[in-house]
There are 2 protein chains.
Amino acid sequence: MDTTQRTDQQRSADRRRRELLEAADRVVLRDGPQASMNAIAAEAGITKPILYRHFGDKGGLYAALAKRHTDALLDSLRAALDAPADRRERVESTLDTYLAAIEARPQVYRFLMHPAEAGQSTDQGFDVGLHSAPLLRRMGEELAQVIEERLDLGPNSQQLARVWGHGIVGMMHAAGDWWLGERPCSRAELVRSLADLLWGRLAAAGDKMGGPGF
Amino acid sequence: MDTTQRTDQQRSADRRRRELLEAADRVVLRDGPQASMNAIAAEAGITKPILYRHFGDKGGLYAALAKRHTDALLDSLRAALDAPADRRERVESTLDTYLAAIEARPQVYRFLMHPAEAGQSTDQGFDVGLHSAPLLRRMGEELAQVIEERLDLGPNSQQLARVWGHGIVGMMHAAGDWWLGERPCSRAELVRSLADLLWGRLAAAGDKMGGPGF
DNA sequence: CATGCGTGTTACTTGCGGTAACACTACTGT
DNA sequence: ACAGTAGTGTTACCGCAAGTAACACGCATG
(Lines give C-alpha, C1' and ligand atoms only; values in the text may rest on other atoms or scores of the structure.)
Protein backbone atom coordinates (compact mmCIF):
# COMPACT_ATOMS: atom_id res chain seq x y z
CA MET A 1 0.00 0.00 0.00
CA ASP A 2 2.65 2.50 -1.08
CA THR A 3 1.67 5.94 -2.12
CA THR A 4 2.31 5.15 -5.79
CA GLN A 5 -0.07 2.28 -5.88
CA ARG A 6 -2.68 4.18 -4.03
CA THR A 7 -2.35 7.07 -6.41
CA ASP A 8 -2.81 4.72 -9.31
CA GLN A 9 -5.98 3.38 -7.84
CA GLN A 10 -7.25 6.76 -6.99
CA ARG A 11 -6.52 8.00 -10.46
CA SER A 12 -8.38 5.10 -11.97
CA ALA A 13 -11.27 5.67 -9.59
CA ASP A 14 -11.39 9.29 -10.58
CA ARG A 15 -11.46 8.43 -14.25
CA ARG A 16 -14.23 5.95 -13.60
CA ARG A 17 -16.10 8.58 -11.69
CA ARG A 18 -15.85 11.01 -14.55
CA GLU A 19 -17.08 8.39 -16.99
CA LEU A 20 -20.01 7.62 -14.77
CA LEU A 21 -20.87 11.27 -14.48
CA GLU A 22 -20.79 11.64 -18.22
CA ALA A 23 -23.10 8.69 -18.64
CA ALA A 24 -25.42 10.13 -16.02
CA ASP A 25 -25.32 13.37 -17.88
CA ARG A 26 -26.45 11.77 -21.09
CA VAL A 27 -29.31 10.02 -19.34
CA VAL A 28 -30.45 13.12 -17.53
CA LEU A 29 -30.28 15.01 -20.76
CA ARG A 30 -32.50 12.40 -22.33
CA ASP A 31 -34.90 11.49 -19.53
CA GLY A 32 -35.00 14.61 -17.41
CA PRO A 33 -34.30 14.84 -13.70
CA GLN A 34 -36.28 11.76 -12.75
CA ALA A 35 -33.82 9.50 -14.51
CA SER A 36 -33.53 6.25 -12.62
CA MET A 37 -30.36 4.83 -11.18
CA ASN A 38 -30.90 1.72 -13.22
CA ALA A 39 -31.04 3.72 -16.41
CA ILE A 40 -27.88 5.59 -15.55
CA ALA A 41 -26.06 2.40 -14.66
CA ALA A 42 -27.19 0.80 -17.91
CA GLU A 43 -26.01 3.79 -19.92
CA ALA A 44 -22.64 3.51 -18.23
CA GLY A 45 -22.54 -0.20 -19.08
CA ILE A 46 -22.53 -1.35 -15.48
CA THR A 47 -25.01 -2.05 -12.69
CA LYS A 48 -26.45 -0.16 -9.77
CA PRO A 49 -24.26 -1.12 -6.82
CA ILE A 50 -21.25 0.42 -8.52
CA LEU A 51 -23.00 3.73 -8.74
CA TYR A 52 -23.79 3.50 -5.07
CA ARG A 53 -20.20 2.67 -4.20
CA HIS A 54 -19.08 5.79 -6.02
CA PHE A 55 -21.70 8.29 -4.99
CA GLY A 56 -23.34 6.94 -1.87
CA ASP A 57 -26.88 7.55 -2.89
CA LYS A 58 -28.91 9.25 -5.54
CA GLY A 59 -28.52 12.57 -3.86
CA GLY A 60 -24.76 12.19 -3.98
CA LEU A 61 -24.74 11.46 -7.67
CA TYR A 62 -27.05 14.35 -8.35
CA ALA A 63 -24.98 16.67 -6.25
CA ALA A 64 -21.83 15.69 -8.12
CA LEU A 65 -23.60 16.14 -11.43
CA ALA A 66 -25.01 19.47 -10.40
CA LYS A 67 -21.63 20.68 -9.23
CA ARG A 68 -20.13 20.11 -12.67
CA HIS A 69 -22.74 22.11 -14.49
CA THR A 70 -22.97 24.73 -11.83
CA ASP A 71 -19.25 25.30 -11.90
CA ALA A 72 -19.27 25.57 -15.67
CA LEU A 73 -22.13 28.04 -15.71
CA LEU A 74 -20.62 30.09 -12.93
CA ASP A 75 -17.39 30.35 -14.87
CA SER A 76 -19.20 31.80 -17.87
CA LEU A 77 -21.07 34.19 -15.65
CA ARG A 78 -17.90 35.35 -13.94
CA ALA A 79 -16.35 36.00 -17.30
CA ALA A 80 -19.28 38.13 -18.38
CA LEU A 81 -19.27 39.93 -15.06
CA ASP A 82 -15.56 40.69 -15.34
CA ALA A 83 -15.51 41.91 -18.92
CA PRO A 84 -14.07 45.37 -19.53
CA ALA A 85 -17.15 47.47 -20.15
CA ASP A 86 -19.46 49.78 -18.26
CA ARG A 87 -21.89 48.60 -15.66
CA ARG A 88 -24.98 48.40 -17.78
CA GLU A 89 -23.21 46.49 -20.49
CA ARG A 90 -21.88 43.99 -18.03
CA VAL A 91 -25.25 43.44 -16.46
CA GLU A 92 -26.79 42.86 -19.86
CA SER A 93 -24.05 40.53 -20.93
CA THR A 94 -24.34 38.52 -17.74
CA LEU A 95 -28.08 38.19 -18.13
CA ASP A 96 -27.62 37.17 -21.73
CA THR A 97 -25.02 34.58 -20.82
CA TYR A 98 -27.33 32.99 -18.32
CA LEU A 99 -30.29 33.00 -20.67
CA ALA A 100 -28.25 31.61 -23.53
CA ALA A 101 -27.14 28.76 -21.28
CA ILE A 102 -30.61 27.75 -20.20
CA GLU A 103 -31.86 28.16 -23.73
CA ALA A 104 -29.19 25.88 -25.10
CA ARG A 105 -29.78 23.01 -22.69
CA PRO A 106 -33.17 23.21 -21.05
CA GLN A 107 -33.01 19.67 -19.69
CA VAL A 108 -29.82 20.39 -17.83
CA TYR A 109 -31.30 23.59 -16.57
CA ARG A 110 -34.39 21.83 -15.36
CA PHE A 111 -32.28 19.27 -13.60
CA LEU A 112 -30.24 21.90 -11.84
CA MET A 113 -33.26 23.82 -10.66
CA HIS A 114 -35.32 20.88 -9.51
CA PRO A 115 -33.01 18.21 -8.16
CA ALA A 116 -35.83 15.72 -7.59
CA GLU A 117 -35.93 16.22 -3.86
CA ALA A 118 -34.55 12.91 -2.58
CA GLY A 119 -37.51 10.56 -2.63
CA GLN A 120 -38.60 8.23 0.14
CA SER A 121 -39.07 8.49 3.82
CA THR A 122 -35.41 8.86 4.65
CA ASP A 123 -33.59 12.09 5.25
CA GLN A 124 -36.82 13.95 5.48
CA GLY A 125 -35.77 16.14 8.36
CA PHE A 126 -34.06 19.03 6.66
CA ASP A 127 -35.10 22.57 7.22
CA VAL A 128 -36.36 25.03 4.72
CA GLY A 129 -33.50 26.77 3.04
CA LEU A 130 -31.37 23.78 2.23
CA HIS A 131 -33.68 22.63 -0.50
CA SER A 132 -34.01 24.88 -3.48
CA ALA A 133 -31.44 24.56 -6.19
CA PRO A 134 -27.99 25.15 -4.80
CA LEU A 135 -27.19 26.79 -8.09
CA LEU A 136 -29.38 29.73 -7.23
CA ARG A 137 -27.73 30.11 -3.85
CA ARG A 138 -24.26 29.99 -5.27
CA MET A 139 -25.07 32.47 -7.99
CA GLY A 140 -26.63 34.75 -5.43
CA GLU A 141 -23.62 34.66 -3.15
CA GLU A 142 -21.25 35.13 -6.03
CA LEU A 143 -23.09 38.13 -7.34
CA ALA A 144 -23.34 39.56 -3.85
CA GLN A 145 -19.60 39.41 -3.56
CA VAL A 146 -19.07 41.19 -6.84
CA ILE A 147 -21.54 43.87 -5.89
CA GLU A 148 -20.04 44.40 -2.49
CA GLU A 149 -16.56 44.55 -3.94
CA ARG A 150 -17.24 47.09 -6.58
CA LEU A 151 -20.08 49.27 -5.47
CA ASP A 152 -20.13 51.95 -2.85
CA LEU A 153 -23.34 51.27 -0.98
CA GLY A 154 -22.74 53.17 2.22
CA PRO A 155 -23.17 51.55 5.63
CA ASN A 156 -24.41 48.00 5.84
CA SER A 157 -23.13 47.46 2.36
CA GLN A 158 -22.46 43.80 2.86
CA GLN A 159 -25.94 42.91 3.85
CA LEU A 160 -27.45 45.06 1.16
CA ALA A 161 -25.20 43.42 -1.41
CA ARG A 162 -26.32 39.98 -0.37
CA VAL A 163 -29.98 40.86 -0.55
CA TRP A 164 -29.45 42.32 -3.97
CA GLY A 165 -27.35 39.41 -5.13
CA HIS A 166 -30.02 36.88 -4.30
CA GLY A 167 -32.78 39.16 -5.47
CA ILE A 168 -31.25 39.82 -8.85
CA VAL A 169 -30.44 36.18 -9.38
CA GLY A 170 -34.01 35.30 -8.51
CA MET A 171 -35.30 37.86 -10.94
CA MET A 172 -33.13 36.45 -13.66
CA HIS A 173 -34.15 32.92 -12.84
CA ALA A 174 -37.89 33.48 -12.71
CA ALA A 175 -37.98 35.62 -15.79
CA GLY A 176 -35.81 33.10 -17.61
CA ASP A 177 -37.98 30.21 -16.55
CA TRP A 178 -41.11 31.94 -17.74
CA TRP A 179 -39.48 33.06 -20.95
CA LEU A 180 -38.19 29.58 -21.70
CA GLY A 181 -41.70 28.21 -21.35
CA GLU A 182 -43.56 30.82 -23.37
CA ARG A 183 -40.98 32.44 -25.58
CA PRO A 184 -42.87 35.72 -25.68
CA CYS A 185 -39.97 37.69 -27.09
CA SER A 186 -36.39 37.47 -28.23
CA ARG A 187 -33.58 36.97 -25.79
CA ALA A 188 -32.22 40.43 -26.48
CA GLU A 189 -35.56 42.03 -25.67
CA LEU A 190 -35.80 40.13 -22.44
CA VAL A 191 -32.32 41.18 -21.45
CA ARG A 192 -33.13 44.80 -22.17
CA SER A 193 -36.37 44.70 -20.21
CA LEU A 194 -34.72 43.18 -17.16
CA ALA A 195 -31.86 45.64 -17.25
CA ASP A 196 -34.39 48.44 -17.50
CA LEU A 197 -36.11 47.11 -14.42
CA LEU A 198 -32.84 47.07 -12.52
CA TRP A 199 -32.14 50.56 -13.76
CA GLY A 200 -35.13 51.94 -11.95
CA ARG A 201 -37.60 52.35 -14.74
CA LEU A 202 -40.29 50.92 -12.47
CA ALA A 203 -39.95 53.81 -10.08
CA ALA A 204 -39.53 56.33 -12.87
CA ALA A 205 -42.57 55.32 -14.90
CA GLY A 206 -45.52 57.68 -14.87
CA ASP A 207 -48.99 56.72 -13.70
CA LYS A 208 -51.64 55.93 -16.19
CA MET A 209 -54.58 58.31 -16.07
CA GLY A 210 -57.19 57.41 -13.50
CA GLY A 211 -56.45 55.83 -10.15
CA PRO A 212 -53.66 56.72 -7.77
CA GLY A 213 -51.08 54.71 -9.66
CA PHE A 214 -49.27 51.54 -8.75
CA MET B 1 -81.77 10.71 -9.44
CA ASP B 2 -83.57 14.03 -9.23
CA THR B 3 -81.63 17.20 -9.02
CA THR B 4 -82.22 17.43 -5.27
CA GLN B 5 -80.78 14.04 -4.57
CA ARG B 6 -77.88 14.67 -6.85
CA THR B 7 -77.20 17.98 -5.18
CA ASP B 8 -77.22 16.23 -1.83
CA GLN B 9 -74.65 13.78 -2.99
CA GLN B 10 -72.55 16.40 -4.56
CA ARG B 11 -72.71 18.49 -1.44
CA SER B 12 -71.62 15.56 0.66
CA ALA B 13 -68.84 14.79 -1.78
CA ASP B 14 -67.69 18.37 -1.58
CA ARG B 15 -67.66 18.29 2.19
CA ARG B 16 -65.68 15.08 2.10
CA ARG B 17 -63.27 16.62 -0.31
CA ARG B 18 -62.72 19.56 1.97
CA GLU B 19 -62.13 17.25 4.92
CA LEU B 20 -59.64 15.26 2.93
CA LEU B 21 -57.83 18.38 1.88
CA GLU B 22 -57.62 19.53 5.46
CA ALA B 23 -56.18 16.19 6.52
CA ALA B 24 -53.69 16.37 3.65
CA ASP B 25 -52.83 19.82 4.80
CA ARG B 26 -52.01 18.64 8.29
CA VAL B 27 -49.82 15.85 6.98
CA VAL B 28 -47.97 18.09 4.57
CA LEU B 29 -47.46 20.57 7.34
CA ARG B 30 -45.96 17.82 9.44
CA ASP B 31 -44.03 15.72 6.90
CA GLY B 32 -43.18 18.20 4.20
CA PRO B 33 -43.97 17.87 0.53
CA GLN B 34 -42.99 14.23 0.22
CA ALA B 35 -45.90 13.17 2.41
CA SER B 36 -47.14 9.80 1.20
CA MET B 37 -50.66 9.06 0.06
CA ASN B 38 -50.85 6.37 2.72
CA ALA B 39 -50.03 8.87 5.43
CA ILE B 40 -52.60 11.31 4.19
CA ALA B 41 -55.25 8.63 3.96
CA ALA B 42 -54.44 7.48 7.48
CA GLU B 43 -54.65 11.01 8.79
CA ALA B 44 -58.06 11.33 7.19
CA GLY B 45 -59.11 8.05 8.81
CA ILE B 46 -59.61 6.23 5.51
CA THR B 47 -57.56 4.33 2.95
CA LYS B 48 -55.82 5.13 -0.26
CA PRO B 49 -58.35 4.26 -2.97
CA ILE B 50 -60.73 6.87 -1.65
CA LEU B 51 -58.15 9.55 -2.10
CA TYR B 52 -57.65 8.37 -5.64
CA ARG B 53 -61.38 8.40 -6.32
CA HIS B 54 -61.51 12.00 -5.22
CA PHE B 55 -58.38 13.42 -6.74
CA GLY B 56 -57.34 11.07 -9.51
CA ASP B 57 -53.71 10.86 -8.61
CA LYS B 58 -51.13 12.43 -6.36
CA GLY B 59 -50.69 15.30 -8.73
CA GLY B 60 -54.39 16.03 -8.54
CA LEU B 61 -54.40 16.09 -4.77
CA TYR B 62 -51.35 18.29 -4.69
CA ALA B 63 -52.80 20.61 -7.28
CA ALA B 64 -56.00 20.98 -5.26
CA LEU B 65 -54.02 21.58 -2.11
CA ALA B 66 -51.78 24.08 -3.80
CA LYS B 67 -54.72 25.92 -5.26
CA ARG B 68 -56.18 26.52 -1.82
CA HIS B 69 -53.04 28.06 -0.43
CA THR B 70 -52.20 29.88 -3.60
CA ASP B 71 -55.60 31.48 -3.75
CA ALA B 72 -55.35 32.55 -0.14
CA LEU B 73 -51.92 34.07 -0.57
CA LEU B 74 -52.90 35.80 -3.78
CA ASP B 75 -55.85 37.37 -2.02
CA SER B 76 -53.60 38.87 0.63
CA LEU B 77 -51.22 40.10 -2.00
CA ARG B 78 -53.98 41.69 -4.03
CA ALA B 79 -55.19 43.49 -0.95
CA ALA B 80 -51.73 44.88 -0.28
CA LEU B 81 -51.36 45.83 -3.90
CA ASP B 82 -54.70 47.65 -3.90
CA ALA B 83 -54.28 49.59 -0.68
CA PRO B 84 -54.65 53.37 -0.90
CA ALA B 85 -51.08 54.60 -0.66
CA ASP B 86 -48.29 55.67 -2.93
CA ARG B 87 -46.40 53.31 -5.13
CA ARG B 88 -43.41 52.74 -2.94
CA GLU B 89 -45.56 52.06 0.08
CA ARG B 90 -47.61 49.55 -1.82
CA VAL B 91 -44.59 47.75 -3.12
CA GLU B 92 -43.17 47.52 0.36
CA SER B 93 -46.41 46.35 1.84
CA THR B 94 -46.79 43.69 -0.83
CA LEU B 95 -43.28 42.43 -0.26
CA ASP B 96 -43.90 42.38 3.46
CA THR B 97 -47.15 40.49 3.06
CA TYR B 98 -45.45 37.81 1.04
CA LEU B 99 -42.54 37.50 3.42
CA ALA B 100 -44.80 37.38 6.45
CA ALA B 101 -46.74 34.54 4.84
CA ILE B 102 -43.73 32.39 4.11
CA GLU B 103 -42.29 33.17 7.50
CA ALA B 104 -45.46 32.08 9.25
CA ARG B 105 -45.78 28.69 7.52
CA PRO B 106 -42.52 27.58 5.98
CA GLN B 107 -43.68 24.02 5.39
CA VAL B 108 -46.61 25.18 3.36
CA TYR B 109 -44.34 27.51 1.49
CA ARG B 110 -41.93 24.74 0.76
CA PHE B 111 -44.72 22.56 -0.48
CA LEU B 112 -46.01 25.22 -2.82
CA MET B 113 -42.62 25.92 -4.28
CA HIS B 114 -41.49 22.33 -4.74
CA PRO B 115 -44.52 20.20 -5.56
CA ALA B 116 -42.49 16.97 -5.57
CA GLU B 117 -42.52 16.62 -9.31
CA ALA B 118 -44.84 13.63 -9.90
CA GLY B 119 -42.68 10.57 -9.37
CA GLN B 120 -42.59 7.47 -11.50
CA SER B 121 -42.14 6.73 -15.14
CA THR B 122 -45.56 7.98 -16.19
CA ASP B 123 -46.28 11.48 -17.45
CA GLN B 124 -42.61 12.14 -17.91
CA GLY B 125 -43.04 13.86 -21.22
CA PHE B 126 -43.77 17.40 -20.20
CA ASP B 127 -41.76 20.27 -21.43
CA VAL B 128 -39.79 22.75 -19.45
CA GLY B 129 -41.98 25.54 -18.28
CA LEU B 130 -44.86 23.53 -16.91
CA HIS B 131 -42.87 22.38 -13.93
CA SER B 132 -41.87 25.05 -11.49
CA ALA B 133 -44.29 26.11 -8.86
CA PRO B 134 -47.49 27.33 -10.43
CA LEU B 135 -47.68 29.80 -7.59
CA LEU B 136 -44.78 31.75 -9.01
CA ARG B 137 -46.35 31.85 -12.43
CA ARG B 138 -49.68 33.01 -11.12
CA MET B 139 -48.10 35.71 -8.99
CA GLY B 140 -46.05 36.84 -11.94
CA GLU B 141 -49.05 37.10 -14.23
CA GLU B 142 -51.09 38.83 -11.59
CA LEU B 143 -48.43 41.40 -10.92
CA ALA B 144 -47.90 41.90 -14.64
CA GLN B 145 -51.54 42.74 -14.99
CA VAL B 146 -51.44 45.27 -12.20
CA ILE B 147 -48.35 46.88 -13.64
CA GLU B 148 -49.77 47.05 -17.12
CA GLU B 149 -53.02 48.50 -15.85
CA ARG B 150 -51.57 51.25 -13.83
CA LEU B 151 -48.27 52.25 -15.29
CA ASP B 152 -47.55 54.14 -18.41
CA LEU B 153 -44.72 52.22 -20.00
CA GLY B 154 -44.85 53.47 -23.54
CA PRO B 155 -45.00 51.09 -26.49
CA ASN B 156 -44.81 47.36 -25.91
CA SER B 157 -46.09 48.00 -22.43
CA GLN B 158 -47.78 44.64 -22.15
CA GLN B 159 -44.71 42.62 -22.81
CA LEU B 160 -42.59 44.79 -20.60
CA ALA B 161 -45.11 44.45 -17.81
CA ARG B 162 -45.04 40.70 -18.02
CA VAL B 163 -41.28 40.54 -17.93
CA TRP B 164 -41.26 42.80 -14.94
CA GLY B 165 -44.07 40.92 -13.23
CA HIS B 166 -42.24 37.63 -13.41
CA GLY B 167 -38.92 39.23 -12.67
CA ILE B 168 -40.08 41.02 -9.57
CA VAL B 169 -41.87 37.96 -8.28
CA GLY B 170 -38.72 35.95 -8.81
CA MET B 171 -36.68 38.52 -6.97
CA MET B 172 -39.09 38.40 -4.07
CA HIS B 173 -39.11 34.64 -4.07
CA ALA B 174 -35.37 34.08 -4.21
CA ALA B 175 -34.59 36.74 -1.66
CA GLY B 176 -37.33 35.37 0.58
CA ASP B 177 -36.08 31.84 0.26
CA TRP B 178 -32.55 32.83 1.13
CA TRP B 179 -33.71 35.05 3.97
CA LEU B 180 -35.89 32.32 5.43
CA GLY B 181 -32.93 29.99 5.52
CA GLU B 182 -30.34 32.33 6.96
CA ARG B 183 -32.29 35.04 8.68
CA PRO B 184 -29.55 37.59 8.12
CA CYS B 185 -31.73 40.57 8.96
CA SER B 186 -35.19 41.62 9.99
CA ARG B 187 -38.11 41.41 7.65
CA ALA B 188 -38.41 45.17 7.51
CA GLU B 189 -34.78 45.55 6.49
CA LEU B 190 -35.19 43.00 3.76
CA VAL B 191 -38.27 44.75 2.45
CA ARG B 192 -36.45 48.06 2.39
CA SER B 193 -33.44 46.63 0.61
CA LEU B 194 -35.54 45.02 -2.08
CA ALA B 195 -37.59 48.12 -2.64
CA ASP B 196 -34.36 50.09 -2.92
CA LEU B 197 -33.20 47.68 -5.57
CA LEU B 198 -36.40 48.16 -7.54
CA TRP B 199 -36.05 51.89 -7.11
CA GLY B 200 -32.86 51.92 -9.08
CA ARG B 201 -30.28 52.23 -6.36
CA LEU B 202 -28.18 49.65 -8.18
CA ALA B 203 -27.80 51.92 -11.16
CA ALA B 204 -27.37 55.00 -9.01
CA ALA B 205 -24.69 53.65 -6.70
CA GLY B 206 -21.20 55.05 -7.16
CA ASP B 207 -18.19 52.91 -7.98
CA LYS B 208 -15.79 51.96 -5.27
CA MET B 209 -12.31 53.38 -5.80
CA GLY B 210 -10.10 51.23 -7.99
CA GLY B 211 -11.30 49.29 -10.99
CA PRO B 212 -13.83 50.36 -13.57
CA GLY B 213 -16.83 49.66 -11.37
CA PHE B 214 -19.47 46.99 -11.65
C1' DC C 1 -0.03 -21.22 -3.03
C1' DA C 2 -3.09 -18.77 0.20
C1' DT C 3 -4.63 -14.13 1.29
C1' DG C 4 -6.50 -10.28 0.67
C1' DC C 5 -8.65 -6.25 -1.92
C1' DG C 6 -10.96 -3.92 -5.67
C1' DT C 7 -14.47 -4.52 -9.04
C1' DG C 8 -18.28 -6.51 -10.72
C1' DT C 9 -22.52 -9.28 -10.52
C1' DT C 10 -27.29 -11.30 -9.16
C1' DA C 11 -30.92 -11.31 -6.22
C1' DC C 12 -33.22 -9.39 -2.58
C1' DT C 13 -35.90 -6.03 0.67
C1' DT C 14 -38.62 -2.04 1.46
C1' DG C 15 -41.73 1.38 0.40
C1' DC C 16 -44.50 4.10 -2.63
C1' DG C 17 -47.98 5.20 -6.39
C1' DG C 18 -51.77 3.23 -8.35
C1' DT C 19 -55.55 -0.33 -9.28
C1' DA C 20 -58.70 -4.41 -9.27
C1' DA C 21 -61.93 -6.88 -7.04
C1' DC C 22 -64.66 -7.59 -3.44
C1' DA C 23 -68.05 -6.07 0.91
C1' DC C 24 -71.48 -3.12 3.17
C1' DT C 25 -75.16 0.33 3.27
C1' DA C 26 -79.06 2.65 1.80
C1' DC C 27 -82.25 4.19 -1.24
C1' DT C 28 -85.04 3.19 -5.30
C1' DG C 29 -89.03 0.89 -8.33
C1' DT C 30 -92.48 -2.75 -8.56
C1' DA D 1 -91.38 -6.96 1.30
C1' DC D 2 -87.74 -7.58 -2.10
C1' DA D 3 -84.39 -7.32 -6.17
C1' DG D 4 -81.49 -3.87 -8.15
C1' DT D 5 -78.08 -0.46 -8.07
C1' DA D 6 -75.20 3.47 -6.78
C1' DG D 7 -71.98 5.15 -3.45
C1' DT D 8 -68.55 4.29 0.08
C1' DG D 9 -65.33 1.62 2.00
C1' DT D 10 -62.03 -2.25 2.35
C1' DT D 11 -58.09 -5.79 1.43
C1' DA D 12 -54.86 -7.45 -1.50
C1' DC D 13 -52.29 -6.95 -5.22
C1' DC D 14 -48.97 -5.00 -9.34
C1' DG D 15 -45.08 -2.39 -11.03
C1' DC D 16 -41.25 0.14 -10.17
C1' DA D 17 -37.43 2.52 -8.14
C1' DA D 18 -34.02 3.17 -4.23
C1' DG D 19 -30.86 0.89 -1.78
C1' DT D 20 -28.34 -3.45 0.13
C1' DA D 21 -26.41 -8.12 1.03
C1' DA D 22 -23.95 -11.79 -0.49
C1' DC D 23 -21.50 -13.92 -3.65
C1' DA D 24 -17.74 -14.32 -7.82
C1' DC D 25 -13.70 -13.01 -10.52
C1' DG D 26 -8.83 -10.71 -11.34
C1' DC D 27 -4.64 -9.75 -9.57
C1' DA D 28 -1.02 -8.19 -6.74
C1' DT D 29 1.50 -9.53 -2.56
C1' DG D 30 3.35 -12.50 1.72
Side-chain angles (χ1 to χ4, degrees), chain A residues 1-20 23-24 27-28 30-65 115-124, chain B residues 1-20 23-24 27-28 31-65 115-125:
Chain A
M1 57 174 72
D2 312 29
T3 45
T4 63
Q5 183 183 350
R6 202 166 192 171
T7 310
D8 267 12
Q9 284 176 185
Q10 213 155 26
R11 204 174 301 204
S12 137
D14 280 10
R15 250 201 17 229
R16 204 85 181 95
R17 189 185 162 95
R18 248 189 306 266
E19 290 171 13
L20 297 185
V27 176
V28 165
R30 172 159 41 80
D31 296 354
Q34 84 289 0
S36 83
M37 295 297 265
N38 257 323
I40 294 174
E43 170 72 29
I46 50 150
T47 49
K48 266 195 300 180
I50 300 182
L51 280 182
Y52 283 96
R53 286 225 263 267
H54 274 274
F55 300 103
D57 62 353
K58 190 173 189 172
L61 199 174
Y62 275 31
L65 207 51
E117 302 274 319
Q120 317 258 124
S121 59
T122 51
D123 75 22
Q124 63 183 13
Chain B
M1 56 176 75
D2 313 30
T3 47
T4 62
Q5 182 182 350
R6 204 171 193 165
T7 311
D8 267 14
Q9 283 176 187
Q10 213 155 27
R11 206 175 297 206
S12 139
D14 279 11
R15 251 200 18 229
R16 204 85 181 93
R17 190 185 163 93
R18 248 189 306 264
E19 290 172 13
L20 296 185
V27 176
V28 164
D31 295 354
Q34 84 292 355
S36 82
M37 293 298 265
N38 257 323
I40 293 174
E43 170 72 28
I46 50 151
T47 50
K48 265 194 303 178
I50 301 183
L51 280 183
Y52 284 96
R53 286 226 262 266
H54 273 273
F55 300 103
D57 63 353
K58 191 173 189 174
L61 199 174
Y62 275 32
L65 207 51
E117 302 274 321
Q120 314 259 123
S121 60
T122 52
D123 75 21
Q124 64 183 13

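Lettering of chains follows the sequences in order, A, B, ..., and the numbering in each one begins at 1.
Following rounding to the nearest Å, A:R17 (CZ) and C:dG6 (C1') show an atom-to-atom distance of 17 Å. Rounded to a whole Å, the CG atom of B:D57 is 5 Å from the P atom of C:dG18. Taking atom NZ of residue B:K58 and atom C1' of nucleotide C:dG15, one finds them 12 Å apart after rounding to whole Å. The distance between atom CG of B:D14 and atom P of D:dG7, rounded to the nearest whole Å, is 14 Å. Look at CD1 on B:I40: it is 14 Å from C1' on C:dG18, rounded to the nearest Å. Between A:Q34 atom CD and C:dC16 atom C1' the separation is 16 Å, expressed in whole Å. When rounded to the nearest whole Å, the span between CG of A:L61 and P of D:dA18 equals 10 Å. Look at CZ on A:R15: it is 12 Å from P on C:dT7, rounded to the nearest Å.
In terms of modelled atom types and a separation under 3.5 Å, the side chain of A:Y62 and the main chain of A:D57 share no donor-acceptor contact.
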Can you give each donor-acceptor pair under 3.5 Å made by side-chain atoms of residues 38-51 of chain A, sequence neighbours left out, with the distance rounded to 0.1 Å?
residue: A:E43; atom: OE1; partner: A:R30; partner atom: NH2; Å: 3.3
residue: A:E43; atom: OE2; partner: A:R26; partner atom: NE; Å: 2.6
residue: A:E43; atom: OE2; partner: A:R26; partner atom: NH2; Å: 3.3

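In this view, A:A64 and A:R17, A:L21, A:F55 satisfy the side chain to side chain contact (heavy atoms under 4.5 Å, CB included) rule, not counting sequence neighbours.
Listed by residue number, B:I46, B:T47, B:P49, B:I50, B:R53 are the residues of residues 42-56 of chain B with a heavy-atom contact under 4.0 Å to DNA chain D.
Residues A:H54 and A:L61 fail the side-chain proximity criterion, which asks for heavy atoms closer than 4.5 Å.
To the nearest 0.5 Å, atom CZ of residue B:R18 and atom CZ of residue B:R15 are 8.5 Å apart.
Here the closest non-hydrogen pair linking B:Y52 and B:M37 is OH-CG, 3.5 Å.
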